[in-house]
Amino acid sequence: AGWTTHTTYSPAVSPAATLKRTLAKFRGSSRTPDDRLVDSAVNHLQESEQPTATFVHLNDLHHAYVPKRTYYDKADANRIKAFRFARQQSEFFDDRSIYATDAADHVDEAFIQQLTQFYQACVHQVDALVDRLLATVSDDTTVVIYADHGENLGDDNTFSHQYSMSDALLRVPLLIRDTAGLLFKG
C-alpha cells in the first residue's frame, strides 16, 4: 500500500519481422524507441509523490544493431553505412543456418567485426540511457539493473541469443544499489 508502479517496454517482434523492425528504426519506429521509454520512466519518477516501483525494458541491444547517429563513431559508421549494414544484419539473422553450431566458421570475419562494432555502439547508447535514468533517482532509491540475456556474436561459433546456453548469454549484468536497505535487512 502506498506504492505506485510504472512499466515501460517495447513489444517484442518475431524474428521474421527483423527487416521491418530494422527499417522502422530509420523511419520512425513502430516500436517505442528506448530513449522515449526512459523519458517516460524519468517523468513518472519525477512526478511521483509516493514510493514507486518502476520497470524499464530497453530493447536497443537486440538485433538489428542500429545505434543513433550520435553513436555512429563507435561503429566507424555513417548513416548510409549504418542503413546498409542494418539490412545485411536483417538478412543474416533471418537466415536460419546461422543458428547451426558451426555458423561462425562460415561467416566472413569482417562481418563479425562490424557486427561487434555496431553492437558495442548500441551498448554505449544504452549505457547513456541508464545513466540518464539513474541521474533521476534519489540516493535513497533502491535500484536493480539486470539483463534478460546476453548475445552471441560468433562466441562458441554461434550467433544471436537462441539455441545456445553459452556464457555470453548466461553471464549477464546484475547491479543492485540498495542504500536505503529495503532489499537486504540484517
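Nothing here was measured: the structure is a model prediction, and the numbers come from that model.
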| request: Please check if the side chain of Ser40 supplies one atom and the backbone of Arg36 the other of a donor-acceptor pair under 3.5 Å. | output: no
Spatial distance of atom [atom1] ([X]) from atom [atom2] ([Y]) [nearest 0.5 Å]:
X: Gln88; Y: Asp108; atom1: CD; atom2: CG; value: 9.5 Å
X: Leu153; Y: Gln114; atom1: CG; atom2: CD; value: 13.0 Å
X: Leu170; Y: Met165; atom1: CG; atom2: CE; value: 5.0 Å
X: Ile112; Y: Gln117; atom1: CD1; atom2: CD; value: 12.5 Å

Considering non-hydrogen atoms only, spot the tightest contact between [X] and [Y] and give its length.
X: Gln89; Y: Leu115; value: OE1-CD1, 3.7 Å
X: Ala75; Y: Lys81; value: O-NZ, 4.4 Å
X: Asp34; Y: His57; value: OD1-O, 4.4 Å
X: Pro67; Y: Cys122; value: N-SG, 3.7 Å

| field | Side chain proximity check, Val137 to Leu133, heavy atoms < 4.5 angstrom | value | no
| field | Check: Leu61 and Glu151 side chains under 4.5 Å, non-hydrogen atoms | value | no
| task | In sequence, state the C-alpha distance, the side-chain angles, and the governing distance for Val56 and Val130, and then conclude on side chain to side chain contact (heavy atoms under 4.5 Å, CB included). | result | CA-CA 10 Å; Val56 182; Val130 170; over 6 Å; no
If Ile, Leu, Val, Met, Phe, Trp and Tyr residues are connected whenever their side-chain heavy atoms lie under 4.5 Å apart, and connections chain through other members, are [X] and [Y] in the same group?
X: Phe92; Y: Tyr119; value: yes
X: Val123; Y: Leu134; value: yes
X: Leu175; Y: Leu58; value: yes
X: Tyr71; Y: Val126; value: no
X: Phe55; Y: Val144; value: yes

| Between the side chains of Tyr65 and Gln125, is a donor N or O closer than 3.5 angstrom to an acceptor N or O? | no
| Working for side chain to side chain contact (heavy atoms under 4.5 Å, CB included), residues Val66 and Phe118 | CA-CA 7 Å; Val66 181; Phe118 273 73; 5.9 Å; no
| request: Start with the C-alpha gap between Ile176 and Val143, add the side-chain angles, then the distance that decides, and say whether side chain to side chain contact (heavy atoms under 4.5 Å, CB included) holds. | output: CA-CA 6 Å; Ile176 300 173; Val143 177; over 6 Å; no
| message | For Ile145 and Leu174: C-alpha separation, side-chain torsions, deciding distance, then whether side chain to side chain contact (heavy atoms under 4.5 Å, CB included) applies. | response | CA-CA 6 Å; Ile145 298 173; Leu174 171 63; over 6 Å; no
| task | Flag the pair Phe111 / Phe85 as yes when their ring centroid distance falls below 6.0 Å, and as no otherwise. | result | yes
